[in-house]
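Working notes for the structure below.
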Amino acid sequence: MSPLYCALVHHPVRDRAGCVVTTAVTNLDVHDIARSARTYGLAGYFVVTPVEAQRQIVERILEHWRTGAGARRVPERTEALALVQIVASVAEARDAVADREGSPPRVLATAARAVDGVPLRRFAEEAETLRAGEVPVLLLFGTGHGLVDDTVLDADALLEPIRATSSYNHLSVRAAAAICLDRLVGDRLAGE
Ligand code: SAM
């Protein structure tokens, strides 16, 4: 099974007008995606922000839940947040995986939209590759209005967008991350 990592990217991301912005880290994204990452057995979860003050805020949140009152009150949350590492860039996350795993990860971007010029990976084929593989994989999730095209084009592939039956396509990144993880490494035996 390939070691699987995810990263929540706060810069560079797009705003509603398609401009490149930096979004603020939200406590909910840190907690919820950490809980999904722990549930699906990920090897790590990177919170990506170039803003030093934001990294300090996240460090304080993690301290509270790793060794402070939060850890005493909700010990299972400590286990989830133990996966979180704060980095300044996607490149730093990629390097951290390479250092830890001994080989650079395949990088998969995610988006609610198609992006020309990057291979599209179906959930089923990627799930099979993960099951059979050894090469680590880093899954990138965006904030704001999504990852910028350059980040997607720099990735090894774009994971196919989650599609439901309606034309409404505005999932939160927390929901999208959970759905992606379940489709990639969820236990299908229960449903088969
Ligand atoms: N319109 C944005 C886009 O195309 O990515 C969606 C922004 S959403 C608030 C933030 C992140 O959630 C996206 O960058 C992506 O990582 C994830 N996401 C949202 N909807 C998704 C979908 N239908 N399929 C895959 N990922 C999705």
Side-chain angles (χ1 to χ4, degrees), residues 4-40 42-51 54 58 80 83-94 97 105-130 136-186:
L4 178 60
Y5 293 79
C6 70
L8 183 65
V9 180
H10 295 85
H11 178 86
V13 290
R14 300 172 328 132
D15 68 4
R16 183 178 293 277
C19 300
V20 179
V21 294
T22 304
T23 56
V25 179
T26 68
N27 194 33
L28 201 53
D29 287 346
V30 175
H31 279 259
D32 273 18
I33 298 175
R35 292 163 76 173
S36 296
R38 180 62 190 87
T39 300
Y40 287 96
L42 268 64
Y45 165 32
F46 297 100
V47 174
V48 180
T49 176
V51 180
Q54 292 274 300
V58 181
L83 289 177
V84 180
Q85 184 178 341
I86 308 150
V87 292
S89 65
V90 170
E92 198 179 319
R94 195 191 298 232
V97 174
R106 278 192 312 111
V107 179
L108 290 182
T110 63
R113 62 198 167 91
V115 176
D116 293 337
V118 61
L120 193 72
R121 285 288 282 172
R122 298 284 174 209
F123 282 109
E125 62 182 337
E126 189 53 37
E128 188 48 46
T129 303
L130 282 166
V137 172
L138 176 61
L139 202 46
L140 302 182
F141 294 105
T143 52
H145 282 259
L147 298 169
V148 299
D149 284 1
D150 284 353
T151 301
V152 180
L153 294 170
D154 279 350
D156 294 290
L158 174 67
L159 194 57
E160 66 174 300
I162 298 161
R163 284 276 177 269
T165 50
S166 81
S167 58
Y168 185 87
N169 187 3
H170 299 283
L171 289 168
S172 71
V173 65
R174 293 174 303 283
I179 294 166
C180 287
L181 294 180
D182 192 67
R183 290 185 181 181
L184 290 176
V185 289

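Whatever order the structure lists them in is the order used to number ligands and atoms, beginning at 1. The first residue in the sequence is number 1, and the count goes up from there. What you see is a predicted model; the values in this text were computed from it and never measured.
Side-chain polar atoms of Arg106 and Thr129 form no donor-acceptor pair below 3.5 angstrom.
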Anything under 3.5 Å between a donor and an acceptor, one on a side chain of residues 144-152, the other on a protein residue two or more places apart or in another chain? List them.
| from | atom 1 | to | atom 2 | distance (Å) |
| --- | --- | --- | --- | --- |
| Asp149 | OD1 | Arg113 | NH1 | 3.0 |
| Asp149 | OD1 | Arg113 | NH2 | 3.2 |

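The line from CD of Glu160 to CD of Glu126 is 10.5 Å long, rounded to the nearest 0.5 Å. From Thr23, atom OG1 reaches atom NE2 of His10 across 4.5 Å, with rounding to the nearest 0.5 Å.
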What does the N/O contact table under 3.5 Å look like for ligand 1?
| from | atom 1 | to | atom 2 | distance (Å) |
| --- | --- | --- | --- | --- |
| ligand 1 | 4 (O) | Ala112 | N | 3.2 |
| ligand 1 | 4 (O) | Arg113 | NE | 3.4 |
| ligand 1 | 5 (O) | Ala112 | N | 3.3 |
| ligand 1 | 14 (O) | Gly142 | N | 3.1 |
| ligand 1 | 16 (O) | Thr110 | OG1 | 2.6 |
| ligand 1 | 16 (O) | Gly142 | N | 3.1 |
| ligand 1 | 23 (N) | Ile162 | O | 3.1 |
| ligand 1 | 23 (N) | Asn169 | OD1 | 3.1 |
| ligand 1 | 24 (N) | Ala111 | O | 3.3 |
| ligand 1 | 24 (N) | Ile162 | N | 2.9 |

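Pairs of residues two or more places apart, or lying in two chains, that qualify as salt bridge (Lys or Arg N to Asp or Glu O under 4.0 Å) and include a residue from residues 22-31 are Asp29-Arg174.
The side-chain hydrogen bond (donor to acceptor under 3.5 Å, both in side chains) test applied to Tyr5 returns Glu101, not counting sequence neighbours.
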